[in-house]
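Below is one structure, written out as structure tokens; comments come after it.
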Amino acid sequence: MEPSSWKLAPAVSALYLDHLFGDSAVPSFATSAILAAVPFPSHSTPRFHRARLLRRLASDPLSASALSSILLLASTPSAPTAAAQAHLAVAAYLAATGDDFDAVVGVVFDPRVAAEGALAACSEAADVVGQFRAAVGTPSAQATLKSRWGNQSAAERRVRELIEAEWAAIGPSLLEQATQRIGGDAAPETWRAADEATRSMYQQLVGEERAQEIHALLNSHAGPTSTSTPEHIKFINKLKRSTQELHDAVDDPLPAAKEDAERAKAILLAKGVKPSGAPWSSSPTSEASHPRPSLFTPRNVVRSPLQTNLYASPSQTEKQPLHGKFKDGQHADQKKARRKARKWSEGEEIALKSGVQRCGVGKWKQVLLGNPQAFHDRTAVDLKDKWRNLSKRAPA
DNA sequence: ACTGGGGTTAAAG
DNA sequence: CTTTAACCCCAGT
């Protein structure tokens, strides 16, 4: 790879980084290398910013800087509960294990740092904060708190849960959104708003076959309503094309990196090793994550049975008969075993809600495929059922 | 093949 | 024992 051959406008680089950093399947060593090689974006997108925070947090989950990362994430909350619990756990851990209890409590539970706001989503937080403040200058009380909150792996688990929830909520990249507008289900609206020249560009992008389908849809319900502005779409479209060219040029390191990650994961699985210890903290995404459908490859997602969930509870990393079926004469009447019920994580709930916002209620398959990394072994029917439950709980 | 809606299971209250 | 959440079954499109 010759970085010197990349001529990339900062605005395009922003889109590119938005796309890659926000994909949890891309390992952080790869994103770091990419960031060093391309021009720093003129305007970094919120998704890019968030993804950087997550990657930083994953590599250093229990420190003062981790605490400020969590605060930043919580300032625009997507997973309020997880953020509050992670914040509380890290702050308490730092206080419990620090050399100078009083000083650390003064900093990490400083009321002026707006920590109170971030902690509001966690009901036990106020109580715990009170206990720490009360223990200042009282060694006996400190001892209790130290044993209660000094557990490193417990604190790391809270951070990991936050990271999982945030990845699930991060949503599609700008490029993916543009692709959806131009070639996906939202295409008719977009095409209606476009002039002839723009449409022929679209046609090049999506291929003639798809373009005809879209035209058919367009004509079938020729409604007048259109909301997108052609200039905006044209702009996105232009960027998308330059980015595609860039991708062609840069293609090398990513597949290699992903291959490494997959290989490492396969070895782990073959040994039957469960991701219980610290591996996630050193390379958060390498052994993780279903590959998302890339912009640059057809969106036919086929999950390999090898792909398991990084964050799956250790108890059920073994076989689940979702994928396998018996069809031999002897056991013809064998009933498919019921999957063990797994509680939905906050991250999955958030991914579901944002997916419904994007695709609409009822488009369960789209929601699922639109964010495959977020859902761990859920089917479209599972999403539908979960939505039914959520609607019961909050019928607003 | 997807979706919506009724049915079942098991855990929580 | 009742309620709730997750999962299954199946008929209609």
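Chain letters run A, B, ... following the sequence lines, proteins first and then strands; every chain starts at 1.
Between the C1' atom of C/dA5 and the CZ atom of A/R388 lies a distance of 11 Å, rounded to the nearest Å. The CG-C1' distance, from A/D385 to B/dT9, rounds to 13 Å in whole Å. To the nearest angstrom, P of C/dC7 lies 9 Å from NZ of A/K386. In this structure, A/K340 atom NZ and B/dT8 atom P are separated by 24 Å, rounded to whole Å. Distance, A/L352 CG to C/dA6 P: 11 Å, rounded to whole Å. Distance NZ (A/K384) to P (C/dG12): 16 Å, rounded to an integer number of Å. Across the protein-nucleic acid pair, A/R378 atom CZ and C/dA5 atom P stand 14 Å apart, rounded to whole Å. Atom CH2 of A/W364 is separated from atom P of B/dT3 by 9 Å (rounded to the nearest Å).
Using a 4.0 Å cut-off between a side-chain N of Lys or Arg and a carboxylate O of Asp or Glu, A/R157 and A/E161 qualify as a salt bridge.
Between A/W344 and the phosphate of C/dC7, there is a side-chain N or O to OP1/OP2 separation shorter than 4.0 Å. At the phosphate of C/dT4, neither OP1 nor OP2 sits under 4.0 Å from any side-chain N or O atom of A/N389.
Aromatic ring pairs are classed by plane angle as parallel below 30°, tilted from 30° to 60° and perpendicular above 60°; the pair A/F40 and A/F48 is perpendicular. Taking the six-membered ring where the residue is Trp, A/W387 and A/W364 present tilted rings, their angle falling between 30° and 60°.
The side chain of A/V381 lies closest to B/dT3 when the candidates are B/dG6, C/dA6, B/dT3. Among the nucleotides B/dC2, C/dC7, C/dA5, the one closest to any side-chain atom of A/K365 is B/dC2.
A single hydrophobic cluster is not seen to contain both A/L390 and A/V381; linkage of ILVMFWY side chains at heavy-atom distances under 4.5 Å, directly or through other members, places them apart.
Side chain A/R338 to base C/dC8: no donor-acceptor pair is found below 3.5 Å.
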